[in-house]
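So the structure is just underneath, and the comments pick up after that.
Since the model is a prediction, treat every value here as computed from it, not as a measurement. We number each residue from 1, following the sequence as shown.
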Amino acid sequence: MNQTRRILQNKTYLYLTEFFAGMSVMAVELGASRLLAPYFSSSQIVWTIIIGTIMIAMALGNIYGGKAADKNPDPDRLYVRILVAAVWIAAIPVVGKYIIIGISALLIFSVNSNFLILAAFAACMVIFVFPLFLLGTVTPSLVKYTVDSLEDNGKTVGMLNAANTLGSILGTFLPTFVTIPAVGTSVTFLVFAGILLALACLYFVSAKSHGKKTAAGIAAFVLCCVLGASDSFAFWETGMAYEGESVYNYLQVKESEEDIILSTNVLFGVQSILKKDNGLTGMYYDYAMAAPFMAGVHEKESMDMLILGMGTGTYATQCRRYFQNLDLRIEGVEIDEKITALAKTYFQLPQDTPVATYDGRAYLNAVDKKYDVIMVDAYQDITIPFQMSSVEFFTMVKSHLREGGVMVVNMNMRGTKEGNINQYLSDTIAAVFDMVYTIDVNGSTNRELFASSFPGGGDGDAPQELSDKIDTNPVKVLQRNITAEKDAQLAGLMRTVCSGLAAYRPGQYVMTDDKAPVELLGMQVIDEIIRQEVIYYKEIYKREGIRGLLDQL
């Protein structure tokens, strides 16, 4: 056997190559989801695009690798491909976010629908297909090098597949539970790129070949480590108090003279806010304060409240601030424990406020307690958990409300077309609760929904008509409790909410655990929002060209 193949004599190195290639493919796939999430969300749609493009790359790599191995069975060629793949993956933290922004900027002015799908697909094709295509050549090439005879080819191929599968298993768990939470997405790419680079370098050192390529690969990797180790996705932002990642989210905390805000998705706004003047937030949290009023906050000595999607506790903090004379017992459920830690560090969430690190629906399954107010605030851009949007879920919420209790749901994307996501959610809730009211939040795309069930309610009348008929109707309770509110600003806002409430007339768009197309519905609304937002800039581009557009930006 020639010098080039000595390291491969006992096939162990080939199995290790298969193992680390499989591990790196899965690590890159999971890293891709985190790289794209701050810009396109982490919905099932985005995951489908990632998995689909990676499978395309692997399939093409398998075809090419098999043909290349038959044409020229030289292991040097395979390890050069691994070296190139390693450098490419290492470069993703350096240039990946700029490519995503560039593709998004290009497509946002050239497409009218399915922006998220097209932009995410284009980004995946540009950033991830080539290195994974190269890694896709590994298995057929290794089969060529390891199969010596037909007598043991089944065993040999089985061992290669087993090595690849074991590596894939490790590559699935390590990024999610170890590297991404500990060191971030950028360093995760660099770690697995470094493993591939070491694999290729060890081969070339042993084979005493391709010294210049090896040195160039090492130099490029070191440069990528220097330039790409930052975990900053929002590279245009300055002065952030915190930026990092958790198992579930990309997180950033920004502080100004007026407030502190948490964003878990760069392009889709604010998820939590703390006003330094202890006033109203100017966001949907203020409108949601109507729920305690509807539940009779000034007619009770105590009240129990549950917040599904606690975030950093904006709603809880607001309620505690304005209802200080009430024995208010608030419980929160937040699936991301790192957000809860940020809440106590930056957002003044009291240390004694219980927050369960749990999925909201699973929490309701686990407890028997009933509440006066349940807030559902678990919908984030297109990432709407289907298990918290179905008839079965809202039936569970209703069973945890006391008589006279109120559920408030923040619906963060206001669609206008027939059959939009808010219509689906509202119809689904109306199939469970007797009385449902909605109001649009001024200056945002949010809509607040209030739901309750009382004997004799839910006949489809307007809010004022129901208030005249039923003394315990939530609108009438709201009106009665507004008169007892001593804070003039809050009372004024509640009067605005009361006058703007509209009784919801249910339709037939009901979601169940079996059928809840929340991602597609959310994507339709995002397309609509994007079209509305870019009309202004498209007109400038038509009149003044790229220079006028740059001046505006």
Side-chain angles (χ1 to χ4, degrees), residues 13-37 47 50-51 53-55 57-58 61 65 78-97 99-100 123-124 126-139 141-142 163-204 214 216-231 233 244-247 250:
Y13 201 74
L14 295 176
Y15 294 138
L16 287 175
T17 300
E18 188 74 73
F19 176 86
F20 287 118
M23 181 175 67
S24 298
V25 167
M26 292 307 301
V28 169
E29 181 174 337
L30 290 163
S33 71
R34 296 308 296 268
L35 183 70
L36 297 179
W47 264 112
I50 292 170
I51 294 171
T53 52
I54 287 175
M55 290 179 70
M58 296 298 292
L78 170 64
Y79 285 94
V80 167
R81 292 196 292 268
I82 293 175
L83 180 70
V84 173
V87 174
W88 187 290
I89 293 168
I92 291 174
V94 182
V95 299
K97 50 197 172 186
I99 292 174
I100 292 172
C124 280
V126 173
I127 299 172
F128 299 107
V129 163
F130 182 66
L132 295 179
F133 164 80
L134 295 177
L135 293 179
T137 68
V138 170
T139 298
S141 298
L142 293 183
N164 184 282
T165 301
L166 289 173
S168 298
I169 293 170
L170 193 61
T172 301
F173 285 96
L174 277 178
T176 300
F177 295 106
V178 181
T179 61
I180 290 176
V183 295
T185 300
S186 296
V187 176
T188 294
F189 280 118
L190 294 172
V191 166
F192 288 93
I195 291 173
L196 290 174
L197 180 67
L199 190 71
C201 289
L202 182 59
Y203 171 84
F204 288 128
T214 303
I218 293 173
F221 175 75
V222 171
L223 182 63
C224 289
C225 288
V226 173
L227 299 177
S230 170
D231 60 358
F233 286 85
E245 296 176 79
S246 68
V247 172
Y250 160 76

Thr53 side chain reached by Leu132 side chain, heavy atoms, under 4.5 Å
no
State, with a plain yes or no, whether a side-chain heavy atom of Ile218 is found less than 4.5 Å away from one of Cys201.
yes
Can you tell me how the ring of Tyr203 sits relative to the ring of Tyr79, calling it parallel under 30°, perpendicular over 60° and tilted otherwise?
parallel
What are the two closest heavy atoms between Gly22 and Ser168, and how far apart are they?
O-OG, 3.4 Å
Do you know the tightest heavy-atom contact between Met58 and Gly136?
CE-CA, 3.8 Å
Nearest-0.5 Å distance, CG of residue Leu199 to OG1 of residue Thr17:
4.0 Å
side-chain contact (heavy atoms from CB on, under 4.5 Å) evaluation trace for Ile82 with Leu134
CA-CA 7 Å; Ile82 293 175; Leu134 295 177; over 6 Å; no
Steps toward side-chain contact (heavy atoms from CB on, under 4.5 Å) verdict (Leu196, Leu135)
CA-CA 10 Å; Leu196 290 174; Leu135 293 179; 4.0 Å; yes
How long is the gap from CG on Asn164 to CD1 on Ile169, to the nearest 0.5 Å?
10.0 Å
Write down the atom of Phe189, the atom of Ala32, and the distance for their closest heavy-atom approach.
CZ-N, 3.8 Å
Ser24 side chain vs Ala21 backbone, donor-acceptor pair below 3.5 Å:
no
Would you compute the distance between atom CZ of Phe19 and atom CD1 of Ile195 and round it to the nearest 0.5 angstrom?
9.0 Å
Any luck finding a side-chain donor-acceptor pair between Arg81 and Ser141 under 3.5 Å?
yes
Under the side-chain contact (heavy atoms from CB on, under 4.5 Å) rule, what do Val187 and Thr179 come out as? Steps first, then yes or no, please.
CA-CA 8 Å; Val187 176; Thr179 61; over 6 Å; no
Roughly how far, to the nearest 0.5 Å, is the CG atom of Leu197 from the OG1 atom of Thr214?
8.5 Å
Between Thr176 (side chain only) and Phe173 (backbone N and O only), is there a donor and an acceptor less than 3.5 Å apart?
no
Step by step, would you call Phe20 with Met23 a side-chain contact (heavy atoms from CB on, under 4.5 Å)?
CA-CA 5 Å; Phe20 287 118; Met23 181 175 67; 3.2 Å; yes
Hey, could you give me the OH/CG distance between Tyr250 and Leu36, rounded to the nearest 0.5 Å?
14.5 Å
Give me the atom names and distance for the closest heavy-atom approach of Pro93 to Gly228.
CB-O, 3.2 Å
Between Phe192 and Val28, is any pair of side-chain heavy atoms under 4.5 Å apart?
no
Please report the closest heavy-atom contact between Pro181 and Pro175, naming both atoms and the distance.
CD-O, 3.5 Å
Looking at side-chain heavy atoms only, is the closest gap between Leu142 and Tyr15 below 4.5 Å?
no
Among Ile180, Ile92, Leu30, find the one that has a side-chain contact (heavy atoms from CB on, under 4.5 Å) with Thr185.
Ile180
Heavy-atom closest pair, residues Ser33 and Ile50
CA-CD1, 3.4 Å
Got a donor-acceptor contact below 3.5 angstrom from the Trp88 side chain to the Ile127 backbone?
yes
